[in-house]
Amino acid sequence: MSEQKTKLFMNYYLSKLMTYHEVHRMHREGISIRRISEHLGLNWRTVKKLLSKDDRSYQKELEAPPSKKKLLDPYRDFVKEKLSLYNDTSAAQMHDWLREHYPDFPQVSPKTVFNFVQDIRAEFNYHTTPILDNCINV
């Protein structure tokens, strides 16, 4: 996992853990589920779900790897191969190539392809070279 992804994961993890403890603290103080949800901007069902879990089970749940599959996962090898050959490929170009090579490619937003390409770039350290316009060497 890249350093950037590790930081994002840790921020996500800590945020979830802090919310969990805040919900439990407020509930111990006698604050109603409705008030907790309003104060923290959570759905009341989420508050109930957090209150139903103990510390250990919630921490295990957070540490478990996400099981959600990405819609574009079947095209991962293709994108990885193209990025290894053409590092500066834009997400728009990748989207075009995917549609050309796979007639069954799903109708997805360009932002979905962009996010997918960015994830693969981060995972395999494929960095683009910055374009320097109007740069004068002195």
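Since this is a predicted model, take the numbers as computed values, not measurements.
Met18 and Tyr20 are not part of a single hydrophobic cluster, where members link through side-chain heavy atoms under 4.5 Å apart. In terms of hydrophobic clustering, with Ile, Leu, Val, Met, Phe, Trp and Tyr side chains grouped at heavy-atom distances under 4.5 Å, Leu83 and Phe114 are assigned to different clusters.
Interatomic distance, Met94 CE to Tyr86 OH, rounded to the nearest 0.5 Å: 10.5 Å. Separation of atoms CD (Glu29) and CZ (Arg25) is listed at 4.5 Å; rounding is to 0.5 Å. In this structure, the separation between NE2 on His101 and OH on Tyr75 is 13.0 Å, given to the nearest 0.5 Å. The CD atom of Gln59 sits 10.5 Å away from the CG atom of Asp54 when rounded to the nearest 0.5 Å. Thr19 OG1 to Ile36 CD1: the interatomic distance, rounded to the nearest 0.5 Å, is 12.0 Å. We find the OG1-CG distance between Thr89 and Asp96 to be 11.0 Å, quoted to the nearest 0.5 Å.
The side-chain heavy atoms of Val117 and Ser90, taken from C-beta on, include no pair separated by under 4.5 Å. With a 4.5 Å cut-off on side-chain heavy atoms, Val79 and Trp97 do not count as touching. Side-chain contact between Arg35 and Glu38 is present, with at least one heavy-atom pair separated by less than 4.5 Å. Proximity of His95 to Phe105: side-chain heavy atoms (C-beta onward) are separated by under 4.5 Å at one or more points. Under the 4.5 Å side-chain criterion, counting only non-hydrogen atoms from C-beta, Thr112 is not in contact with Lys70. With contacts defined as side-chain heavy-atom distances shorter than 4.5 Å, the pair Thr46/Val23 does not qualify.
No salt bridge links Lys60 with Glu63; every basic N to acidic carboxylate O contact stays at or beyond 4.0 Å. No salt bridge links Lys16 with Glu61; every basic N to acidic carboxylate O contact stays at or beyond 4.0 Å.
Checked by atom type and distance alone, the side chain of Arg121 pairs as donor or acceptor with a backbone atom of Asn87 at under 3.5 Å. No donor-acceptor distance shorter than 3.5 angstrom exists from the side chain of Tyr58 to the backbone of Leu50, with no hydrogens or angles considered.
Residues Tyr102 and Phe78 place their aromatic rings such that the two centres sit under 6.0 Å apart.
Between Pro106 and Leu72, the shortest heavy-atom contact is CG-CD2, 4.3 Å.
Remark: Asp77 CG is loosely packed, at most 12 non-hydrogen atoms of other residues, nucleotides or ligands lying under 6.0 Å away.
The side chain to side chain contact (heavy atoms under 4.5 Å, CB included) search around Phe124 returns Lys80, Ile120, Tyr126, not counting sequence neighbours.
The ring pair (Phe, Tyr, Trp, His ring centres under 6.0 Å) analysis of residues 25-51, with sequence neighbours excluded, yields no pairs.
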